[in-house]
**Student:** 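Below is a structure I'd like to ask you about.
Numbers here are sequence positions counted from 1.
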Amino acid sequence: GNSPDNTSEVVQDFVDKYPQIKYIREGINSGVDRDYDKAVQHASGDYCWLMTDDDLLVPGAISRVYAELDGLINLIVVNSEVRNADFSEVLTASRLKLVNDKSYGLGDQEEFFCEVADCLSFIGGVIIKRDIWISRDRASFYGTLFVHVGVIFQSPSVVDILVIADPLIVIRYGNAMWSSRGFEIWMFKWPELIWSFKDFSDNSKRAVCRLQPWKSYKSLIFFKGIGGYSITEFNKYLKSNVKEFSYFILLFIAIVPAWLVNAAASAYCLFFKRNARLAVYELSRGRNSTLISRAVAKILGV
């Protein structure tokens, strides 16, 4: 892209030391989906690891993946650990609930979709054969923010897949460039993409995410508590889509004081959802955080 910071200076230091690095800087920002697609096109290897900008590889991660690449595997998905912004606290030890590595072949696409698609919202765990990527439709998924998911699950979906159960990536949580767009992305963009794949059953799609997650009052209360849902989002996304009864409930959630919702949601996590560490972390860090949310985070060690 066309990053306005000193990215080019930082990268140039590495290019000077390691001439095998190829750095391409564009004059305009064409969006994350096009940028990932262009990066794969510029690459020359047999496989591409679609890396994120501020997450970490665990020691030995590249060697571990490299040992599995035999030319027959089309896609590897690696597990990931989630930590806070300075990497000091583990929020989720393992995003994928797999104990052992697992292979998916022809006929296993539905199972792979149901078990792994949710974790593919994080692009940094994807290693894909370059020829597979280039041969498939990417342009239709520009603007989704998840072009890799479109590449993997479009018809016919990718086969000969390996999922590595060991977390090889450490995700820096809460620092994504789209945090301010969270409501739009997780209430609309992500479910619209998941439910657009016609090769999978509704039950499998439902296992990944609801078709209209904004209909969950609990989800709206959470987004309200972290500062992602207000009268602005109500007017822009929901006002014209809901029936009379729901209209007033969604409006009420939108206008109730955010600090009150933040405190109430944090207290709920403390007493009823103590394992919801990601939620507590967001509630305690958002612009609506309160003494209560920060105290809950401290009690739970988040």
Side-chain angles (χ1 to χ4, degrees), residues 1 24 26 29-57 61-62 65 68-69 73-80 82 95-96 102 104 108-164 167-173 175-178 181-182 184-186 188-200 204-205 208-209:
I24 295 100
E26 299 195 316
N29 188 336
S30 54
V32 64
D33 296 312
R34 287 180 175 85
D35 283 348
Y36 271 115
D37 188 22
K38 290 175 183 178
V40 174
Q41 293 180 63
H42 282 300
S44 56
D46 293 332
Y47 290 87
C48 291
W49 194 330
L50 303 177
M51 232 11 112
T52 46
D53 59 350
D54 62 351
D55 303 309
L56 299 179
L57 290 172
I62 293 177
V65 169
E68 302 290 349
L69 301 179
I73 292 177
N74 291 321
L75 172 69
I76 290 181
V77 177
V78 303
N79 205 349
S80 55
V82 184
R95 291 193 75 211
L96 280 167
K102 188 170 182 178
Y104 300 84
D108 297 329
Q109 296 98 324
E110 189 95 18
E111 184 180 8
F112 173 69
F113 180 85
C114 188
E115 294 179 348
V116 182
D118 179 55
C119 291
L120 288 174
S121 61
F122 170 64
I123 195 171
V126 173
I127 302 100
I128 190 166
K129 186 177 283 188
R130 182 176 179 274
D131 288 348
I132 294 291
W133 180 282
I134 296 298
S135 68
R136 296 167 76 78
D137 174 26
R138 291 97 65 199
S140 295
F141 301 97
Y142 290 169
T144 65
L145 303 179
F146 303 100
V147 63
H148 61 294
V149 176
V151 168
I152 292 169
F153 291 121
Q154 64 182 258
S155 183
S157 56
V158 174
V159 296
D160 297 323
I161 300 166
L162 173 67
V163 176
I164 295 178
L168 300 183
I169 293 276
V170 181
I171 299 175
R172 185 185 184 194
Y173 190 71
N175 198 52
M177 61 89 180
W178 52 43
R181 297 176 59 192
E184 175 195 6
I185 292 167
W186 303 117
F188 293 93
K189 280 187 169 294
W190 175 248
E192 285 171 2
L193 175 61
I194 291 299
W195 282 79
S196 71
F197 300 120
K198 302 188 182 302
D199 289 349
F200 305 102
S204 293
K205 294 173 186 176
V208 178
C209 69

**Student:** To the nearest 0.5 Å, tell me how far D55 CG sits from I123 CD1.
**Tutor:** 11.0 Å

**Student:** Taking only residues two or more places apart in sequence, or in another chain, which ones meet S196 in a side-chain hydrogen bond (donor to acceptor under 3.5 Å, both in side chains)?
**Tutor:**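 In terms of side-chain hydrogen bond (donor to acceptor under 3.5 Å, both in side chains), with neighbours along the sequence ignored, S196 is linked to no residue.
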
**Student:** Going from CD1 on I127 to CD1 on I76, what distance comes out if it is rounded to the nearest 0.5 angstrom?
**Tutor:**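 Reported to 0.5 Å precision, the distance equals 5.5 Å.
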
**Student:** What's the separation between atom CD1 in I161 and atom CD1 in I73, rounded to the nearest 0.5 Å?
**Tutor:** 10.0 Å

**Student:** Tell me, which pairs form a side chain to side chain donor-acceptor pair (under 3.5 Å) where one or both residues lie in residues 39-48, sequence neighbours left out?
**Tutor:** D37-Q41

**Student:** With the side chain counted from C-beta on, respond yes when Q109 and F200 share a heavy-atom pair under 4.5 Å apart, and no when they do not.
**Tutor:** yes

**Student:** Give the minimum heavy-atom separation between D33 and L145, together with the two atoms involved.
**Tutor:**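 The answer is OD2-N, 2.8 Å.
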
**Student:** Check whether any side-chain heavy atom of F197 lies under 4.5 Å from a side-chain heavy atom of I152, and answer yes or no.
**Tutor:**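 No; the side chains remain at least 4.5 Å from each other.
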
**Student:** May I have the step-by-step check of side-chain contact (heavy atoms from CB on, under 4.5 Å) for I169 and W49, ending in yes or no?
**Tutor:** CA-CA 12 Å; I169 293 276; W49 194 330; 4.0 Å; yes

**Student:** Are S30 and Y142 close enough that some pair of their side-chain heavy atoms sits under 4.5 Å apart?
**Tutor:** no

**Student:** Not counting sequence neighbours, which residues clear ring pair (Phe, Tyr, Trp, His ring centres under 6.0 Å) with Y104? List them please.
**Tutor:** F112

**Student:** Verify side-chain contact (heavy atoms from CB on, under 4.5 Å) between V40 and L50, making sure each step is shown before the conclusion.
**Tutor:** CA-CA 8 Å; V40 174; L50 303 177; 3.6 Å; yes

**Student:** Taking all non-hydrogen atoms of both residues, which atom of R95 and which atom of C119 are closest, and how far apart?
**Tutor:**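 What the structure gives for the nearest pair is NH1-O, 3.1 Å.
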
**Student:** Does the side chain of Y36 reach to within under 4.5 Å of the side chain of V151, using non-hydrogen atoms?
**Tutor:** no

**Student:** Restricting to pairs with a member in residues 116-137, which pass salt bridge (Lys or Arg N to Asp or Glu O under 4.0 Å), not counting sequence neighbours?
**Tutor:** none

**Student:** With rounding to the nearest 0.5 Å, note down the distance linking SG in C209 to CH2 in W190.
**Tutor:**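 It comes to 7.0 Å.
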
**Student:** Between I194 and F153, is any pair of side-chain heavy atoms under 4.5 Å apart?
**Tutor:**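 They are not in contact (no side-chain heavy atoms under 4.5 Å apart), so the answer is no.
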
**Student:** Return the set of residues passing salt bridge (charged side-chain N to carboxylate O under 4.0 Å, His left out) with K189 (not counting sequence neighbours), or none when no residue passes.
**Tutor:** none

**Student:** Please tell me if the side chains of Q154 and S140 come closer than 4.5 Å, counting only heavy atoms from C-beta onward.
**Tutor:**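 Q154 does not reach S140 side chain to side chain.
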
**Student:** Under the salt bridge (charged side-chain N to carboxylate O under 4.0 Å, His left out) rule, collect the residues that match up with E111, sequence neighbours excluded.
**Tutor:**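 Residues passing salt bridge (charged side-chain N to carboxylate O under 4.0 Å, His left out) with E111: K102.
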
**Student:** When you compare the side chain of D35 with that of N29, does any pair of heavy atoms fall below 4.5 Å?
**Tutor:**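 Counting from C-beta outward, N29 and D35 do come under 4.5 Å.
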
**Student:** So how far is it from I62 CD1 to L57 CG, rounded to the nearest 0.5 Å?
**Tutor:** 5.5 Å

**Student:** Rounded to the nearest 0.5 Å, what separates atom CG in L162 from atom CG in L75?
**Tutor:**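 Answer rounded to 0.5 Å: 9.0 Å.
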
**Student:** Any non-hydrogen side-chain atom of H148 less than 4.5 Å from a side-chain atom of I128?
**Tutor:**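 In short, these two side chains do not touch, never coming nearer than 4.5 Å.
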
**Student:** Where do W186 and P191 come nearest, in terms of heavy atoms and distance?
**Tutor:** O-CD, 3.4 Å

**Student:** Run the side-chain contact (heavy atoms from CB on, under 4.5 Å) test on R172 and T52 for me, step by step, so that the C-alpha distance in whole Å, both residues' side-chain angles and the decisive distance to 0.1 Å come before the verdict.
**Tutor:** CA-CA 10 Å; R172 185 185 184 194; T52 46; over 6 Å; no

**Student:** Could you walk me through whether S80 and F122 satisfy the side-chain contact (heavy atoms from CB on, under 4.5 Å) test, starting with their C-alpha distance in whole Å, then the side-chain angles of each, then the deciding distance to 0.1 Å, before giving a yes or no?
**Tutor:** CA-CA 9 Å; S80 55; F122 170 64; 4.3 Å; yes

**Student:** Considering non-hydrogen atoms only, spot the tightest contact between L168 and V78 and give its length.
**Tutor:**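 L168 and V78 have their closest heavy atoms at CD1-CG1, 3.8 Å.
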
**Student:** Which heavy atom of S157 sits nearest a heavy atom of D199, and at what distance?
**Tutor:**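 Scanning both residues, the minimum pair turns out to be N-OD2, 4.4 Å.
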
